[in-house]
**Student:** 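Here it is, the structure, as structure tokens.
Every chain is numbered from 1, with letters handed out A, B, ... down the list of sequences.
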Amino acid sequence: MSARSHPFLEDLAARELIVDSTPREELAAHLGEARRSAYIGFDPTADSLHVGNLLGLTLLRRLQLRDHRPIVLVGGGTGLIGDPSGRAGERALNELETVRANAERLKRQVSRFVDFDRGANAALLVDNYEWLGSVSLIPFLRDVGKHFSINVMLAKESVSARLATGISYTEFSYQLLQAYDFRELARRHDCTMQMGGSDQWGNITAGIELIRRMDAGAAHGLTHPLVARSDGTKMGKSETGTVWLDADKTSPYEMYQFWINTPDADVIRFLKFYTFLPLAEIVALGETTEHAPEKREAQRVLAREVTQLVHGDDGLRDAETITASLFAGDVTGLSAAQLEQAFAAAPTTALAADDLGTPLVDVLVRVGLAESKRRGRELLTTGAIQVNGRKVSGADAVLSGDAVLPGGFVVLQRGKKTFHIARLEKK
RNA sequence: GGGGAGGUACCCAAGUGGCCAAAGGGGGCAGACUGUAAAUCUGCUGGCGAACGCCUUCAGAGGUUCAAAUCCUCUCCUCCCCA
């Protein structure tokens, strides 16, 4: 290993994953000398992580693949305070119980990304409530607070952005807590590096500074870009809302669809960010996109890779089967068993056998494809609705017996890519 | 404490007694085109109803009027200027 570089950093740089870092050569040397531990914090503000957290998770994975030790910090303590970064206004405080419960669930989720059973560099998971929960104010102010300059704290982007509109002392203190976390991890687990989104840079440097002052230690930091799509929209939101990593909140099929819909302009960048494919392969996909964009080869690969990473082989298989069936256009030739298999994990609503003859408008409302009957009628008259791949015309259409496929399935479709399976239950 | 400007649908914003379910833009949904793309063009965008229509809605509560987003009273909230 060269003293000037390190494969982990080279890989990240080639993938354009580095925004800020402590001096690159020093960091490379640090990583080259020995097995190191690096952490990323996740605040349990919801009961699941989402696509916005994905980049951090993959970063930890990349680190572990380079034989270093990833530490996942669940912010059970800081989550009670609220990070002001990137926020226009004060956060609503979550209840202790909620945060505790969320923290528990996050622990289970991250095991998809890092390996907790990998010998010497097995991943480690810690919850900062462990130390923050019992911090006493006076000692904290004397020992930790003393090392912070209000002038510096005020100058940080995350704080100065809020000075005009207002920020509570609680949120203002967030950076102290995050810095304290870093120092605590350094002491407890010999953690010498913190990573995070570029909005975390200020908090990370605060931690590095604190470690230097209190322990005369050297620590490093690195931030990744905050991902936005080329059209300016934030990453991680789909038409229907946040794309969660929890399969119960966002199905593998929806996850797959989210990625396959990536615009050409973003797909190569996202392959670099979110997949572990070799760069040469990604470059080749870039050429395919260039010359034959209609194949959407890069999108397909991206969707496959990420879905597999997040939901495993089973999740990917479900997503691909459902996608193939729904978008093939013709489901009428399939057997009950095939349909059963294809739609096992698709969004499904059960209908009763005697719902046959019900106006289709009502069915659309019931399964959620139409917000109201008026909307439903509008969709029907503009030709937006298809049943089993066949366009339905007329607002007065009814759900008829010949629309029912083997096994009681009816494939309802709104527009080009919104599907819902209705399943008639036998009496 | 004094003076002023405001709060309208998902967002911005027009509307100052009836023609207002409320202009325009954005966003969203759909159609055409296409590659489950982008751009563009078109339609729709409070609810119920097949429809005449009915119901709910213009910060909140009352009131005036045949009729109120529009006028009056009180309340709450936001912003600006002066002290």
**Student:** Can you check the distance between B:rA23 and B:rG15, where both ends of the measurement are the C1' atom (answer in whole Å)?
**Tutor:** 8 Å
**Student:** For A:Arg375 and B:rA30, give me the distance from atom CZ to atom C1', rounded to whole Å.
**Tutor:**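 So the two atoms are 8 Å apart, to the nearest Å.
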**Student:** Please tell me which of the listed nucleotides, B:rG31, B:rC29, B:rG35, lies nearest to the side chain of A:Lys391?
**Tutor:** B:rG31
**Student:** Can you tell me how far C1' in B:rC72 sits from the matching atom in B:rC82, rounded to whole Å?
**Tutor:**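 The same atom, C1', in both gives a distance of 30 Å.
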**Student:** Mind calculating the distance between CD (A:Gln386) and C1' (B:rC29) to the nearest angstrom?
**Tutor:**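 In whole Å, B:rC29 C1' lies 16 Å from A:Gln386 CD.
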**Student:** Look only at the side chain of A:Arg423 and the backbone of A:Gly408, and say whether a donor-acceptor pair between them is shorter than 3.5 Å.
**Tutor:** no
**Student:** Could you measure between the two P atoms, the one in B:rG7 and the one in B:rA14, and give it in whole Å?
**Tutor:**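 Approximately 8 Å lies between the P atom of B:rG7 and that of B:rA14.
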**Student:** Could a donor-acceptor pair under 3.5 angstrom be found where the side chain of A:Gln257 meets the base of B:rU36?
**Tutor:** yes
**Student:** Rounding to a whole Å, what distance do you find between A:Gln299:CD and B:rG35:P?
**Tutor:** 14 Å
**Student:** Which part of the nucleic acid, if any, lies within contact of A:Lys373, taking any heavy atom under 4.0 Å across all strands shown: a base, the sugar-phosphate backbone alone, or nothing?
**Tutor:**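 It contacts sugar-phosphate atoms only.
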**Student:** What is the separation between atom CG on A:Leu302 and atom C1' on B:rU36, rounded to the nearest whole Å?
**Tutor:** 14 Å
**Student:** Of all the choices, B:rA37, B:rG35, B:rG28, which nucleotide is nearest to the side chain of A:Lys416 once you look at every atom?
**Tutor:** B:rA37
**Student:** Tell me which nucleotide, if any, is Watson-Crick or G-U wobble paired with B:rA21 when both distances must be under 3.5 Å.
**Tutor:** none
**Student:** Of the nucleotides B:rU36, B:rG35, B:rA30, which has the atom closest to the A:Pro293 side chain?
**Tutor:** B:rG35
**Student:** With both distances under 3.5 Å as the test, what is the Watson-Crick or G-U wobble partner of B:rU78?
**Tutor:** B:rA5
**Student:** Between B:rA59 and B:rG6, how far apart are the P atoms? Round to whole Å, please.
**Tutor:**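 One P to the other, the span is 13 Å.
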**Student:** B:rC44 pairs with which nucleotide, Watson-Crick or G-U wobble, both distances below 3.5 Å?
**Tutor:**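 Base partner found: B:rG28.
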**Student:** Contact class for A:Thr262 (heavy atom, under 4.0 Å): base, sugar-phosphate, or nothing?
**Tutor:**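 No contact at all - A:Thr262 keeps every heavy atom at 4.0 Å or more from the nucleic acid.
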**Student:** Give none if B:rG62 has no partner; otherwise give the nucleotide forming a Watson-Crick or G-U wobble pair with it, both distances under 3.5 Å.
**Tutor:** B:rC72
**Student:** Please give, in whole Å, the distance from B:rA37 C1' to A:Phe270 CZ?
**Tutor:**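 Checked: the CZ to C1' distance equals 14 Å.
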**Student:** Would you say the side-chain atoms of A:Glu130 pair up with the backbone N or O of A:Gly133, donor to acceptor, closer than 3.5 Å?
**Tutor:** no
**Student:** How about A:Arg24: does its CZ atom have over 12 heavy atoms from other parts shown lying under 6.0 Å from it?
**Tutor:**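 No, not enclosed.
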**Student:** Is it the case that over 12 heavy atoms from other parts of the model lie below 6.0 angstrom from the CD atom of A:Glu371?
**Tutor:**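 Yes, because the 6.0 Å sphere around CD of A:Glu371 holds more than 12 heavy atoms from other groups.
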**Student:** Is it true that a side-chain atom of A:Arg15 and a backbone atom of A:Thr275 form a donor plus acceptor pair closer than 3.5 Å?
**Tutor:**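 Yes; judged by distance alone, with no hydrogens or angles, the pair exists.
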**Student:** Looking at every strand, decide which applies to A:Arg414 at a 4.0 Å heavy-atom threshold: base, sugar-phosphate, or nothing.
**Tutor:** sugar-phosphate
**Student:** Which whole number of Å gives the distance between the C1' atom of B:rC20 and that of B:rA39?
**Tutor:**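 Looking at atom C1' only, B:rC20 and B:rA39 are 36 Å apart.
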**Student:** Rounded to the nearest Å, what distance is computed from the CH2 atom of residue A:Trp259 to the P atom of nucleotide B:rU36?
**Tutor:** 20 Å
**Student:** Given the rule in the side-chain contact (heavy atoms from CB on, under 4.5 Å) test, do A:Phe116 and A:Val114 qualify, once you have shown the distances and angles that lead to the verdict?
**Tutor:** CA-CA 6 Å; A:Phe116 289 97; A:Val114 289; 3.9 Å; yes
**Student:** Indicate whether OP1 or OP2 belonging to B:rC48 is found under 4.0 Å from a side-chain N or O atom of A:Ser372.
**Tutor:**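 For B:rC48, OP1 or OP2 has a side-chain N or O of A:Ser372 closer than 4.0 Å.
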**Student:** Rounded to the nearest Å, what distance is computed from the CZ atom of residue A:Arg377 to the P atom of nucleotide B:rC44?
**Tutor:**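 Taking CZ of A:Arg377 and P of B:rC44, I get 16 Å after rounding.
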**Student:** How far, in whole Å, is B:rG46 from B:rU57 if one measures between their C1' atoms?
**Tutor:**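 Their C1' atoms lie roughly 7 Å apart.
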**Student:** The side chain of A:Glu294 lies closest to which of these nucleotides: B:rU45, B:rA30, B:rG35?
**Tutor:**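 Side chain of A:Glu294 sits closest to B:rG35.
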**Student:** Between B:rG43 and B:rA50, how many Å separate the two P atoms, rounded to a whole number?
**Tutor:**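 Between the two P atoms, the distance is 26 Å.
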**Student:** Rounded to whole angstrom, note down the C1' distance from B:rC58 over to B:rU8.
**Tutor:**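 Going atom to atom, C1' in each nucleotide, I get 4 Å.
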**Student:** Whole-Å distance between B:rA50 C1' and A:Arg374 CZ?
**Tutor:** 14 Å
**Student:** Between A:Lys295 and A:Thr418, name the one whose nearest nucleotide on RNA chain B is closer to the 5' end.
**Tutor:** A:Thr418
**Student:** Considering the options A:Glu305, A:Glu16, A:Glu281, which one meets the salt bridge (charged side-chain N to carboxylate O under 4.0 Å, His left out) requirement together with A:Lys272?
**Tutor:**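 Per the salt bridge (charged side-chain N to carboxylate O under 4.0 Å, His left out) rule, the option paired with A:Lys272 is A:Glu16, out of A:Glu305, A:Glu16, A:Glu281.
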